[in-house]
Amino acid sequence: MPATKAEPLDRDCSRLIHSLHNRSAHQGGHVWVRGDGAVLTDADGKEYLDGLSGLWNVVLGHGRRELAEAAARQMNELAYCSGYAGSSNLRAIELAERLTAIMYPSITRFFFTSGGAEATEASIKTARYYWKMQGAPEKTKVISRQWGYHGTTLAAMSATGMSNYWPMFEPRVPGFVHIPSPYPYRYEAPRDVNQSGVSQGVAAANELERAILREGPETVAMFLAEPVQGGGGVIVPQDDYFPRIREICDQYKVLFVADEVITGFGRTGSMFALDHWGVQPDIVQFAKGITSGYFPLGGIGIRDEIAQVLDTGKSVWMHAYTYSGHPVGCAVALRTIEILQRERMADQAKEKGERLLKNLRREFANHPQVGDIRGKGLMCAVEFVQDKSTKQEFPAQEAIGARVHAEAQRRGLFTRLRGDVFLLAPPFVTSDQQLDRMVEILREATQAVFGS
Ligand SMILES: Cc1ncc(COP(=O)(O)O)c(C=O)c1O
């Protein structure tokens, strides 16, 4: 093992291109060498609490032998076979059956991918295929939301509503439209729209109706939304937002696609997040937590009615991935789901999330630079602002979030940010003591940056 992290980091910088490649970030980065529960160890031997479960995905924590054993057993038995038409494998069949049992009753058929962006691509293409087969070939547009994150392949990037992902890769795919996020801390209905007597959540949902009418309902294929926006800053919608979204989608014949890549598999305190609001989607996208990050696997689940169209459509659904239904990924997913259920992980995420949020509120509610503290289950965020009364953000060059994160890292907490929004979504196995330590570290880091 190398004596310090400097040496592997030098090698990294000479040879690797990273996701969101930014050389300066990597020069001061970490080379992780070990993981155990909620703790990661870097090449210097220093331990860090994993504040974001890897990348929201390692829900069961690091070092779970059962998952490694499930993968090894499957690799020995059948490491790979194609999932193209005419070819299948037992683990993929079992996983599709298992998902049918635990997902929304509306969702009955499954296609597997290697991750979240591929799931986004699959749902967009499925929606377009569906409408073409229904005799509505003009219905191709995708409406999604500001602060939405759906991946970075070209169509997924075009659906992603964080505009800093776009400029260097323009032009985006045509036919993608964004509406405001329901963002309870910041959303205000436009002045020219009469929303009197309408709640903030319904007003935000009505943005979808306005966009559909503006574009023409006959041109809109689907609405894509994360039940709780994750990478965009843990934005938890109002309770009446998604019920109104469902009504609008039904009224204008627009498919409602839930991107549960982060929120699926227990993260928000229920197995799938739209259950909080009693709403069922037409298509679900999933990835990350389904294998606890131990194998790259994602997918989409679709309504029976859409599946019927795929089964009987006169043109083949020409969509495919070499690794769709990978038997090793499916074996790991089956074991992950078994553990999630056996250890009541969604309940744990709910209880631990409540503890984390309560502690964050106790520590920061009166802090002059903390504008909002929010969360659902085990995904929380603290939003720093320059002026609490106006919600004015800090100038970007002050890099407040980055400075708080640097101080937190120095004290042994590693996570991610969205600007000056500090994100926390640790593994479900994080102990109460570790959760409390995360809040303590954030308090110390905040003191180091603001002096109070
Ligand atoms: C909600 C959501 N959708 C899609 C994706 C893209 O997933 P992937 O990075 O596996 O392509 C992510 C990744 O963070 C995500 O959070």
Side-chain angles (χ1 to χ4, degrees), residues 35-40 49-71 91 94-95 97-104 107 110 116 226-228 230 234 236 258-277 284-299 301 329-359 375-380 415 423-438:
D36 181 18
V39 177
L40 286 167
L49 289 168
D50 183 357
L52 208 74
S53 310
L55 212 48
W56 313 88
N57 50 351
V58 187
V59 293
L60 298 178
H62 302 273
R64 273 268 174 169
R65 270 179 183 276
E66 275 177 275
L67 297 180
E69 283 160 10
R91 296 300 93 76
E94 288 158 10
L95 181 58
E97 288 170 348
R98 199 80 213 88
L99 290 172
T100 310
I102 64 171
M103 231 187 233
Y104 304 102
I107 302 295
F110 297 89
E226 301 155 83
V228 176
V234 184
V236 185
D259 184 345
E260 297 237 24
V261 164
I262 287 179
T263 55
F265 302 95
R267 173 61 66 189
T268 66
S270 86
M271 205 60 164
F272 294 93
L274 288 176
D275 275 338
H276 291 295
W277 304 290
V284 180
Q285 301 181 187
F286 54 86
K288 296 195 188 269
I290 188 171
T291 56
S292 196
Y294 282 58
F295 197 92
L297 181 92
C330 293
V332 175
L334 282 162
R335 186 51 56 89
T336 301
I337 293 167
E338 187 190 316
I339 299 171
L340 284 169
Q341 293 190 309
R342 191 177 72 215
E343 299 186 12
R344 295 177 36 259
M345 284 293 182
D347 292 343
Q348 289 204 47
K350 180 171 184 293
E351 286 150 24
K352 291 178 181 180
E354 280 166 6
R355 181 186 184 98
L356 182 59
L357 194 58
K358 196 172 100 212
N359 285 346
K376 185 102 186 151
L378 210 38
M379 55 192 296
C380 298
T415 182
L423 309 172
L424 279 174
F428 305 165
V429 297
T430 308
S431 68
D432 285 352
Q433 196 193 12
Q434 288 169 323
L435 288 175
D436 296 351
R437 180 67 192 137
M438 287 181 192

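Since the structure is predicted, the reported quantities are computational estimates derived from the model, not experimental observations.
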For residues 426-436, which residue pairs pass the salt bridge (charged side-chain N to carboxylate O under 4.0 Å, His left out) check, not counting sequence neighbours?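 The answer is Arg355-Asp432, Arg355-Asp436.
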What verdict does the side chain to side chain contact (heavy atoms under 4.5 Å, CB included) test give for Ile337 and Leu95, after you've listed the backbone C-alpha separation in whole Å, the side-chain angles of each residue and the deciding distance to 0.1 Å? CA-CA 9 Å; Ile337 293 167; Leu95 181 58; 3.7 Å; yes
Check whether any side-chain N or O of [X] sits under 3.5 Å from a backbone N or O of [Y] as a donor-acceptor pair, and report yes or no.
{"X": "Tyr294", "Y": "Arg64", "result": "yes"}
{"X": "Arg267", "Y": "Leu378", "result": "yes"}
{"X": "Gln434", "Y": "Ser431", "result": "yes"}
{"X": "Asp36", "Y": "Val39", "result": "no"}
{"X": "Glu260", "Y": "Ala273", "result": "yes"}
{"X": "Thr430", "Y": "Pro427", "result": "yes"}
{"X": "Glu94", "Y": "Leu334", "result": "no"}
{"X": "His276", "Y": "Gly269", "result": "no"}
{"X": "Lys352", "Y": "Phe428", "result": "yes"}
{"X": "Thr415", "Y": "Leu423", "result": "yes"}

Do Ser292 and Asn57 pass the side chain to side chain contact (heavy atoms under 4.5 Å, CB included) test, and can you show the C-alpha distance, the side-chain angles, and the key distance before you say yes or no? CA-CA 5 Å; Ser292 196; Asn57 50 351; over 6 Å; no
From CA spacing to verdict: side chain to side chain contact (heavy atoms under 4.5 Å, CB included), Ile262, Val228: CA-CA 8 Å; Ile262 287 179; Val228 176; over 6 Å; no
So how far is it from [X] [atom1] to [Y] [atom2], rounded to the nearest 0.5 Å?
{"X": "Phe265", "Y": "Lys288", "atom1": "CZ", "atom2": "NZ", "answer": "13.5 Å"}
{"X": "Arg437", "Y": "Leu49", "atom1": "CZ", "atom2": "CG", "answer": "8.0 Å"}
{"X": "Ile107", "Y": "Ile102", "atom1": "CD1", "atom2": "CD1", "answer": "12.5 Å"}
{"X": "Asp275", "Y": "Thr263", "atom1": "CG", "atom2": "OG1", "answer": "10.5 Å"}

Check step by step if side chain to side chain contact (heavy atoms under 4.5 Å, CB included) holds for Phe110 and Met103. CA-CA 11 Å; Phe110 297 89; Met103 231 187 233; 3.7 Å; yes
Please tell me whether Phe272 and Phe286 form a close aromatic pair, meaning their ring centres lie under 6.0 Å apart.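 No - the distance between ring centres of Phe272 and Phe286 does not fall below the 6.0 Å cut-off.
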pair Leu52-Leu424: side-chain heavy atoms closer than 4.5 Å: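 Contact flag for Leu52/Leu424 side chains = no.
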Measure across Ser53 and Pro426 and return the closest heavy-atom pair with its distance rounded to 0.1 Å.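 That closest heavy-atom pairing would be OG-C, 2.8 Å.
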